[in-house]
Amino acid sequence: MNIIRRKGWEIRESLATPEAVFLSRRALMKGAAAIGGGTILPGLSSLAYAAEDATAGLYPAKRNESYKLDRPVTAESVSSRYNNFYEFGLSKNVYSAAESLVTRPWMVKIDGLVEKPRDIGVDDLVKAMPLEERLYRHRCVEAWSMTVPWTGFALKSLVDFAKPLSSAKFIRFETFLDPKMAPGQRSFFPWPYVEALTMAEATNELAMMVTGAYGKPLGKTFGAPLRLHTPWKYGFKDIKSITKISFVEKRPETFWEAAGPGEYGFWANINPQVPHPRWSQASEEILGTGERKPTLLFNGYGEFVAGLYKGLEKEKLYI
Ligand code: MTE
């Protein structure tokens with residue numbers, strides 16, 4: 001049987017970041033890395049970079065053109081000023097508070113059902129992975145969205161690196177716990193932030209570990225130095241500032257399941273027909289434009305991920 005795969009949300013290349021802007025930024029970044037040993041020059045951007053980031057020279061990475069958008073990239077001045085990072089406060093305006101996040105040295109623990117558990121410095125991990133840039137849509141359950149040129153690597157590469165045992169069924173991610181540095185962690189939430197995916201989801205080509213954005217190392221407000229991005233799921237799955245990655249047999253309880261089980265579930269796949277108790281999911285505000293667009297099933301990424309959920313129809317797959 002002939003199956004036509006339609007990508008209903010591809011955009012004209014002219015709507016993405018113009019190549020000239022991208023390339024000149026690339027030259028600028030290389031120069032900055034050479035002069036400052038990885039320290040960004042004053043005035044280049046208001047986002048802060050870790051002075052000791054030994055991977056700064058790897059940005060920008062080559063774009064993987066397989067992932068197209070149906071709308072322009074959100075300006076960095078917008079996406080980096082409207083964030084959820086509850087470790088640093090409940091408002092969207094957390095970027096200056098998030099500057100207290102210390103991102104180097106930064107160790108990542110890989111443990112659980114793996115051949116050999118290990119602790120690895122984030123720079124060594126990044127250097128061992130094939131970095132690339134992907135244009136992805138990002139949809140929050142609060143019904144706003146943005147599009148970001150993320151840099152990072154396929155989560156599958158990390159899974160291959162970790163060598164999980166066949167008994168591993170889920171991958172669990174954990175954020176740092178340091179209430180001194182992150183005052184939000186003194187609040188009632190069940191810290192630290194935890195998220196998880198099935199192994200099938202984690203090894204789907206869309207699942208991405210993010211280490212940069214806009215052709216630079218990741219700004220702190222975006223969850224430096226290492227976060228997750230699963231563009232077919234609501235943004236709360238995209239855990240920031242990861243310190244621990246565990247391969248486990250049982251489905252972990254996530255931060256939001258523990259905080260509000262009536263409102264948030266494990267799967268959190270985007271579906272315009274399944275409302276959250278507080279927000280309709282039918283449409284979304286495109287940040288920075290004042291425009292609303294209808295929301296698409298799996299955020300428009302169904303051709304990549306719909307197959308993951310065959311046989312799981314009894315699960316609460318959406319929110
Ligand atoms: N990760 C941690 N550690 N802490 C958080 O508060 N918020 C989540 C997710 N990851 C959050 C987190 C939510 S609710 C969303 S919508 C996205 O990060 C927001 O990502 P952004 O600020 O880059 O848009």
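The figures that follow rest on heavy atoms only: side chains count, while hydrogens, waters and symmetry mates do not. The chain is numbered in sequence order, starting from 1.
Side-chain atoms of Thr254 never come within 3.5 Å of backbone atoms of Phe266 as a donor-acceptor pair (strictly under, hydrogens ignored). With hydrogens and angles ignored, the 3.5 Å screen pairs a side-chain donor or acceptor of Lys237 with a backbone N or O of Ala196.
A donor atom on one side chain and an acceptor atom on the other are found under 3.5 Å apart for Ser66 and Asn64. Defined by atom type and a distance below 3.5 Å, a donor-acceptor pair is present between the side-chain atoms of Asn84 and Lys92.
Glu87 contributes atom CD, which lies 13.0 Å from atom CZ of Arg186 (distance to the nearest 0.5 angstrom). Annotation: the span from Lys163 atom NZ to Leu113 atom CG amounts to 16.0 Å, rounded to 0.5 Å. To the nearest 0.5 Å, the span separating CZ on Phe153 from CG on Leu155 amounts to 8.0 Å.
Ring geometry for His276 versus Tyr264: interplanar angle of 30 to 60°, hence tilted.
Taking the six-membered ring for Trp and the full ring otherwise, Phe298 and Tyr309 have centroids separated by under 6.0 Å. Checked against a 6.0 Å centroid threshold, the rings of Trp232 and Tyr136 do not count as neighbours. When ring centroids are compared, Trp150 and Phe222 come within the 6.0 Å threshold.
Relative to the ring axis of Tyr95, Arg81 places its NZ or CZ within 45° and under 6.0 Å from the centre.
Met107 and Leu158 fall into different hydrophobic clusters, where Ile, Leu, Val, Met, Phe, Trp and Tyr residues are linked whenever their side-chain heavy atoms come under 4.5 Å apart, directly or through other members. Under a hydrophobic-cluster definition in which Ile, Leu, Val, Met, Phe, Trp and Tyr are linked whenever side-chain heavy atoms come within less than 4.5 Å, directly or via other members, Val194 and Tyr234 are assigned to different clusters.
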Steps toward salt bridge (charged side-chain N to carboxylate O under 4.0 Å, His left out) verdict (Lys156, Asp160): CA-CA 6 Å; Lys156 177 163 189 325; Asp160 293 344; 3.1 Å; yes
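Electrostatic pairing of Lys216 and Glu76 counts as a salt bridge here, judged by a charged N lying under 4.0 Å from a carboxylate O.
Counting heavy atoms from C-beta on, the side chains of Asp53 and Pro225 never come closer than 4.5 Å. The closest side-chain heavy-atom distance from Ile270 to Gln281 is not below 4.5 Å.
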Side-chain polar contacts of residues 176-185 - donor-acceptor pairs under 3.5 angstrom, sequence neighbours left out - could you list them?
unit_1 : atom_1 : unit_2 : atom_2 : d
Asp178 : OD1    : Lys180 : N      : 3.2
Asp178 : OD1    : Met181 : N      : 3.2
Gln185 : OE1    : Asp178 : N      : 2.6
Gln185 : NE2    : Phe176 : O      : 3.0

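What you find for Thr175 and Thr243 is that their closest heavy atoms are C-OG1, 3.5 Å.
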